[in-house]
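Whatever order the structure lists them in is the order used to number ligands and atoms, beginning at 1. None of the values given here were measured: they were computed from a predicted structure.
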Amino acid sequence: MTDKTMDVFVKKTGGWAASQLEACTRCGLCAEACPYYLATGNPDYTPIWKVELLSRAYQQRFTLVGKVKTALGFNKPITDEEIKDWSMIDFNACSMCGKCAAVCPMGIEIPKLIGTVRAGVNAAGYAPEGLKSKAKAQDEFGSPNGDTVDAYKEWFASAKEKVGIDVPVDVKGAEILVVFTNLEISTKKSNLYDLAKILEAAGISWTTSLEARDAFNMGKIIGDGKLKKKLLMRIYNAAVELGVKKVLVTECGHGFVALRDDLPEVVGKALPFEVIHIAGLLPDLIAEGKIKVQAGKFANGKTYTFHDSCKIQRTGGYFEEPRDALKILVGESNLKDMASNREEGLCCGGGGGLRAIPEAKDNRMAAFKLKLHELEEVKADVVVSTCDNCQLQIKDGLNFYEVEDVEVKGLIEMVADALIV
Ligand code: SF4
Ligand code: SF4
C-alpha cells in the first residue's frame, strides 16, 4: 500500500474506525440495503467489502494476529493495483446513501468508513479523473463546473429582468444567507428566480454572498479533508461576516449535510447560525401562513410521488415537511409513497459524485432501475424531489430507459408556481 494511503488509514484506524471495524458481525444485512449490490449482484459491491481495504490495513498494522501473519508472509501487502480496484468500488459503486448504516444492527457507520477509504485512495492519486478535475475547479474557481464569481454575479443580476427582483448580495445583517450550487447555475437557473419570488413574498430578509456562493463540497465527495475544510470555511466566514441567523441550502444534499453536521467539528464549536434546507423552510412558510399558495394547484388527475433523497431526508430528517406541502399543492389523495420511503428510501443511484464519473454510468443506471421499478409500481406521473442532483439523475435514468411519461419536478418550482401574491 502506498505510504500516503496508509497514513490516511492509520490516522483513522487509531480511533473510531478501528472500533467500528471490530464491531462487525458479518451478518450481511447491509448488503440487502445497498442499491448497487442489489442491482448488479456483484459481491464486490457489498457495503462491508467496500471497507475491506481499511480492515486489512488495520489488521496488518494493529492486531497481533495481523502482525504475525504479515511477518510470516500470509498477509500480502496491499498494492497500487488493488488501490486502483478499490477506487472502482468505493467511488463508482457507492453513493454514500447511508442505507447500509441505517440497517446495521451494530450501528456501524459504513459510509463514514467508505469516506476514509475514498480519502486513502485519493491520497494515493487514484480517485476518478472526473472527480479530480471537479475538485480542482472548485478549489480554483469556486465551483466544480468552473463557474467563476462573474458567472454568479451575472446570474444574480438576471433576476431583475426575469422576475423584477433585485437579488440582495452581501447584505450585512440579513436574516438568511442563501447558498446555491453550481448545478443550479448550469442546469436550473430558474431556481434563483423562483426562490427569490418566494422569499420576497414571505417578507424575509435574505442575502446571497459572492464568497459563499456554492454549497457543493468536492472535498467531502473526493475525500480531501483540506479542501473540504477550505470550502466549508468560505461559507462559515461569509455567514459570520454578514451576521446572518440562518444559512439556507437550496438543494444540494451532501452540501447541506457537510455544513450542518461537519462544519461544527471543523470550527470546533457550535455554529453561530442555523443551517436549514428548503425542504424544511418552504413547508414551514406555507404552514405558518407567511406565504399563500393555491391549494390543489397541481391536482390535475396525475399521481405524484416524493423521492426521499438520502442526504436531505434520511440524514437530514426532512421526511414529512415536503410531503405536507405537496399534500396541499397536489391534493392528499394524489400523493402516493413509493414502496421504499422515508428512512428506508431507495437512492436514485446518482449521489456521492457518481454523476461526475463517466465510468460509473452502468452502475448508476442499474441502481436507477430499482427506483424506476418503484415509480412504476406506484404508477407515478410526476416524481418530486428537493435535491437538484437527484432530479438530474432521475431525468438521466428516465431518458436512458426511454420512459417518456414520468415528469420530474422540484419543490421550489412547484411552490413558486402556486404562489398567490
Ligand atoms: S450490517 Fe453491520 S454488522 Fe452486519 S455485515 Fe453489515 S456492517 Fe457488519
Ligand atoms: S452508503 Fe449506500 S451505496 Fe454506499 S455501500 Fe452503503 S448502501 Fe451501498
K.L.:
What residue and atom, counting heavy atoms only, is the protein's closest point to atom 2 (Fe) of ligand 1, and at what distance?
P.N.:
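Here the closest protein heavy atom is Cys104 SG, 2.3 Å.
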
K.L.:
Would one find an N, O or S atom of Cys24, in either backbone or side chain, under 2.8 Å from atom 8 (Fe) of ligand 1?
P.N.:
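Looking at Cys24, which is the residue asked about, there is an N, O or S atom under 2.8 Å from atom 8 (Fe) of ligand 1.
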
K.L.:
Could you identify the single nearest non-hydrogen protein atom to atom 6 (Fe) of ligand 1 and state the distance to 0.1 Å?
P.N.:
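The closest one turns out to be Cys30 SG, 2.4 Å.
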
K.L.:
Starting at NZ of Lys134, measure out to CD1 of Ile222 and round the result to the nearest 0.5 Å.
P.N.:
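These two atoms lie 11.5 Å from each other.
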
K.L.:
Which heavy atom of the protein is the closest neighbour of atom 4 (Fe) of ligand 1, given with residue, atom name and distance?
P.N.:
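Atom 4 (Fe) of ligand 1 sits closest to the protein heavy atom Cys27 SG, 2.3 Å.
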
K.L.:
Would you say Pro47 contacts ligand 1, with heavy atoms under 4.0 Å as the rule?
P.N.:
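Pro47 does not count as a contact of ligand 1 under the 4.0 Å cut-off.
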
K.L.:
Quick check on Lys395: does its NZ atom have over 12 non-hydrogen neighbours (other residues, nucleotides or ligands) under 6.0 Å away?
P.N.:
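Correct, the count exceeds 12.
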
K.L.:
Closer than 4.0 Å to some heavy atom of Pro105 - which atoms of ligand 1 meet that?
P.N.:
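Those qualifying, in numeric order: 1 (S).
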
K.L.:
Which of the listed options, Ala102, Cys34, Pro111, Ala31, holds the heavy atom that is closest to atom 8 (Fe) of ligand 2?
P.N.:
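That would be Cys34.
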
K.L.:
Could you list the atoms of ligand 2 found under 4.0 angstrom from a heavy atom of Gly98?
P.N.:
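The list of qualifying atoms is 1 (S), 2 (Fe).
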
K.L.:
Using a strict cut-off of 4.0 Å, indicate which atoms of ligand 2 neighbour a heavy atom of Ser95.
P.N.:
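The list of qualifying atoms is 3 (S).
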
K.L.:
Please identify which atoms of ligand 2 are closer than 4.0 Å to at least one heavy atom of Cys97.
P.N.:
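Near Cys97, the atoms of ligand 2 are 1 (S), 2 (Fe), 3 (S), 7 (S).
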
K.L.:
Any idea which atoms of ligand 2 are less than 4.0 Å away from a heavy-atom of Lys50?
P.N.:
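Matching atoms, with element in brackets: 5 (S), 8 (Fe).
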
K.L.:
What's the verdict on side chain to side chain contact (heavy atoms under 4.5 Å, CB included) for Phe273 and Tyr236, showing C-alpha distance, side-chain angles and the deciding distance?
P.N.:
CA-CA 9 Å; Phe273 48 82; Tyr236 178 84; 3.8 Å; yes

K.L.:
Any N/O/S atom of Cys100 sitting less than 2.8 Å from atom 4 (Fe) of ligand 2, backbone or side chain?
P.N.:
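Checking Cys100: none of its N, O or S atoms is under 2.8 Å.
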
K.L.:
Distance under 4.0 Å to a non-hydrogen atom of Tyr36: what atoms of ligand 2 satisfy this?
P.N.:
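Listed by number with element, the hits are 3 (S).
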
K.L.:
Just to verify, which of Asn145, Asp388, Asn191, Thr250 counts as forming a side-chain hydrogen bond (donor to acceptor under 3.5 Å, both in side chains) with Thr181?
P.N.:
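One option only clears the test, and that one is Asp388.
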
K.L.:
Specify whether Phe216 and His254 have parallel, tilted or perpendicular ring planes, treating 30° as the upper limit for parallel and 60° as the lower limit for perpendicular.
P.N.:
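Answer is perpendicular, since the angle exceeds 60°.
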
K.L.:
I'd like to check which ligand 1 atoms, numbered from 1 as shown, lie under 4.0 Å from a non-hydrogen atom of Arg26.
P.N.:
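Those qualifying, in numeric order: 5 (S), 8 (Fe).
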
K.L.:
What do we get for Ile48 next to ligand 1 when only non-hydrogen atoms under 4.0 Å count, side chain, backbone, both or neither?
P.N.:
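Just the side chain.
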
K.L.:
Number the atoms of ligand 2 from 1 as they appear, then name those within less than 4.0 Å of a heavy atom of Ile114, with their elements.
P.N.:
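Atoms satisfying the 4.0 Å criterion: 5 (S).
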
K.L.:
Go through the side-chain N and O atoms of Gln391 and Glu251 and say whether any donor and acceptor fall under 3.5 Å apart.
P.N.:
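Judged by distance alone, the side chains do pair up.
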
K.L.:
Look only at the side chain of Asn363 and the backbone of Asn92, and say whether a donor-acceptor pair between them is shorter than 3.5 Å.
P.N.:
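Looks like yes, one N/O pair under 3.5 Å.
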
K.L.:
Can we say Lys188 and Glu413 salt-bridge, meaning some charged N sits less than 4.0 Å from an Asp/Glu carboxylate O?
P.N.:
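Here Lys188 pairs with Glu413 in a salt bridge, since their nearest N and O are under 4.0 Å apart.
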
K.L.:
Which atoms of ligand 2 sit under 4.0 Å from any heavy atom of Cys94?
P.N.:
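Every atom of ligand 2 under 4.0 Å from some heavy atom of Cys94: 1 (S), 3 (S), 4 (Fe), 5 (S).
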
K.L.:
Enter the distance from Lys302:NZ to Asp405:CG here, rounded to the nearest 0.5 Å.
P.N.:
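Atom-to-atom, Lys302:NZ and Asp405:CG are 10.0 Å apart.
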
K.L.:
Under 4.0 Å from ligand 2, counting heavy atoms only, is it the side chain of Ile110, its backbone, both or neither?
P.N.:
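Ile110 to ligand 2: no contact under 4.0 Å from either part.
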
K.L.:
Classify the angle between the aromatic ring planes of Tyr304 and Phe298 as parallel (below 30°), tilted (30 to 60°) or perpendicular (above 60°).
P.N.:
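Taking Phe298 first and then Tyr304, their aromatic rings stand perpendicular (interplane angle over 60°).
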
K.L.:
What part of Met96 sits under 4.0 Å from ligand 2 if we count only heavy atoms: the side chain, the backbone, both or neither?
P.N.:
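The part of Met96 near ligand 2 is the backbone, not the side chain.
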
K.L.:
Describe, in one word, how the ring planes of Phe156 and Phe180 are oriented to each other, choosing from parallel (under 30°), tilted (30 to 60°) and perpendicular (over 60°).
P.N.:
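Geometry flag for Phe180 against Phe156: tilted rings.
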
K.L.:
When you measure from the centre of the six-membered ring of Tyr152, is the NZ or CZ of Arg213 under 6.0 Å away and within 45° of the axis?
P.N.:
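Yes, a cation-pi geometry.
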
K.L.:
Can you list the atoms of ligand 1 that are under 4.0 Å from a heavy atom of Met106?
P.N.:
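That gives atoms 3 (S) of ligand 1.
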
